[in-house]
Q: 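Here it is, the structure, as structure tokens.
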Amino acid sequence: KHYWETIFEENFLDSVLTLANIALSIDDRLSDAYTVRGEYYSQIGESEKAIEDFDKAIFYNPNNGRAYLSGGSLYYRQSDLLKSIQYSQKALSLIRGEQLPEMLENLAWAFLPTGFIEISKYHYTEAFKLTKDTMRYYDRLRICEFVNENFSEALNYLEKAYAFDS
């Protein structure tokens with residue numbers, strides 16, 4: 001509720017931890033409480049605690065898409081691309097709605113450094129079909145071509161993206 005009002009305060013996320021712990025003290029099998037607490041730990045850089053809580057969230061609710069999504073992002077930041085892809089694909093199978101384009105892009109990002117450029121392009125294209133954000137789409141294709149060391153095509157996509165947002 002007060003995210004933007006308090007984001008730069010030192011104790012910004014303290015209430016998240018407090019409320020998650022209260023919920024878990026009432027019922028220690030609340031998957032969503034473990035997910036929220038895992039996201040808290042992830043935000044403050046305590047990755048091991050975050051992973052432990054995401055795993056508990058998934059144990060108590062194997063269909064907790066948010067735990068998979070957050071876990072996938074955390075594994076990506078830790079450069080564990082295999083787990084990032086596994087978690088992200090599972091999240092993609094569970095979550096629908098406005099988060100879907102972001103999830104498709106996250107999965108594309110995870111595939112990109114592994115050399116699966118065409119799979120990344122596929123996921124970027126699927127995200128584009130939902131967002132219709134042409135500039136973003138061309139920019140993502142530019143990144144794919146750059147990683148693939150096809151610099152002339154990367155420049156071509158950059159020029160196309162720039163034409164939409166000069």
Side-chain angles (χ1 to χ4, degrees), residues 3-4 7-8 12-13 16 31-32 34-55 57-59 61-166:
Y3 183 87
W4 292 111
I7 189 170
F8 295 112
F12 167 60
L13 294 173
V16 170
S31 178
D32 290 338
Y34 283 114
T35 302
V36 168
R37 194 170 73 177
E39 290 171 342
Y40 165 82
Y41 287 133
S42 181
Q43 285 290 316
I44 65 166
E46 293 192 30
S47 300
E48 289 182 25
K49 287 183 179 180
I51 289 170
E52 184 178 314
D53 276 351
F54 293 143
D55 287 345
I58 291 165
F59 176 79
N61 178 6
N63 294 317
N64 184 334
R66 187 169 164 187
Y68 282 107
L69 180 63
S70 298
S73 295
L74 178 59
Y75 280 121
Y76 182 83
R77 290 192 310 271
Q78 292 183 324
S79 298
D80 188 337
L81 299 176
L82 178 59
K83 283 203 174 186
S84 177
I85 289 168
Q86 290 170 332
Y87 273 59
S88 297
Q89 285 179 321
K90 184 65 176 180
L92 192 59
S93 74
L94 296 170
I95 299 175
R96 293 289 176 258
E98 63 186 41
Q99 285 183 302
L100 190 55
E102 177 187 352
M103 290 177 8
L104 288 163
E105 285 204 355
N106 286 349
L107 193 51
W109 277 111
F111 274 109
L112 201 56
T114 65
F116 292 101
I117 307 299
E118 293 306 314
I119 294 174
S120 290
K121 286 182 180 181
Y122 168 79
H123 289 298
Y124 287 134
T125 301
E126 293 301 304
F128 170 68
K129 289 176 185 177
L130 297 170
T131 65
K132 308 291 189 230
D133 187 340
T134 306
M135 189 206 73
R136 185 179 184 95
Y137 178 60
Y138 283 142
D139 183 59
R140 297 308 188 244
L141 292 179
R142 170 194 63 84
I143 294 167
C144 289
E145 295 301 335
F146 185 85
V147 169
N148 210 23
E149 297 183 1
N150 188 352
F151 302 119
S152 61
E153 192 62 22
L155 182 59
N156 181 39
Y157 281 124
L158 180 61
E159 289 170 347
K160 287 181 177 183
Y162 182 74
F164 278 92
D165 186 23
S166 58

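Atom set for the values below is all heavy atoms of this structure, side chains included, hydrogens, waters and symmetry mates excluded. Predicted model, so just to flag it, every value in this text is computed and none were measured.
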Q: Roughly how far, to the nearest 0.5 Å, is OG of Ser42 from CG of Leu74?
A: 4.5 Å
Q: Please report the C-alpha distance between Ile143 and Trp109 in whole Å, then the side-chain angles of each, then the deciding distance to 0.1 Å, and finally whether the side-chain contact (heavy atoms from CB on, under 4.5 Å) criterion is met.
A: CA-CA 10 Å; Ile143 294 167; Trp109 277 111; 3.6 Å; yes
Q: Do Arg136 and Glu105 have side chains that get closer than 4.5 Å, going by heavy atoms?
A: yes
Q: Charged N to carboxylate O under 4.0 angstrom, Glu159 versus Arg142?
A: no
Q: Tell me whether the centres of the aromatic rings in Phe151 and Phe146 are closer together than 6.0 Å.
A: yes
Q: Would you compute the distance between atom SG of Cys144 and atom CD1 of Ile119 and round it to the nearest 0.5 angstrom?
A: 11.5 Å
Q: May I ask you to test the Tyr137-Asp133 pair for a side-chain heavy-atom distance under 4.5 Å?
A: no
Q: Once rounded to the nearest 0.5 Å, what's the spacing between atom CE of Met103 and atom CD of Gln89?
A: 11.0 Å
Q: What I want to find out is whether Glu52 reaches Lys49 closely enough, with some N-O distance under 4.0 Å, to be called a salt bridge.
A: no
Q: Roughly how far apart are Leu81 CG and Thr114 OG1, rounded to 0.5 Å?
A: 6.5 Å
Q: What is the minimum heavy-atom distance between Leu104 and Ala127, and which atoms define it?
A: CD1-N, 3.7 Å
Q: Can you list the steps and then say if Ser47 with Arg77 is a side-chain contact (heavy atoms from CB on, under 4.5 Å)?
A: CA-CA 10 Å; Ser47 300; Arg77 290 192 310 271; over 6 Å; no
Q: Are Thr35 and Ile58 packed together at the side-chain level, in the sense that at least one heavy-atom pair is separated by less than 4.5 angstrom?
A: no
Q: For Lys121, look at atom NZ and say whether over 12 heavy atoms of other residues, nucleotides or ligands are found less than 6.0 Å away.
A: yes
Q: What I'd like to find out is whether the side chain of Tyr138 reaches to under 4.5 Å of the side chain of Tyr124, using heavy atoms alone.
A: no
Q: Is there a side-chain contact between Tyr40 and Ile44 (heavy atoms, below 4.5 Å)?
A: yes
Q: To the closest 0.5 Å, what do you measure between CG (Asn106) and NE2 (His123)?
A: 11.0 Å
Q: Would you check if there is a donor-acceptor pair between the side chains of Ser31 and Asn64 at a distance under 3.5 Å?
A: yes
Q: Working to the nearest 0.5 angstrom, can you tell me the gap between Phe111 CZ and Tyr122 OH?
A: 11.0 Å
Q: Do Tyr68 and Leu94 come within less than 4.5 Å of each other through their side chains, counting heavy atoms only?
A: yes
Q: Output, in order, the C-alpha distance, side-chain angles, deciding distance and verdict of side-chain contact (heavy atoms from CB on, under 4.5 Å) for Gln78 and Ile51.
A: CA-CA 11 Å; Gln78 292 183 324; Ile51 289 170; 3.6 Å; yes
Q: Decide yes or no for Tyr76 and Ile85: does some side-chain heavy atom of the first lie under 4.5 Å from some side-chain heavy atom of the second?
A: no
Q: Is there side-chain contact between Gln99 and Leu69, with at least one heavy-atom pair below 4.5 Å?
A: yes
Q: Would you say Ser70's side chain and Arg66's backbone share a donor-acceptor pair under 3.5 angstrom?
A: yes
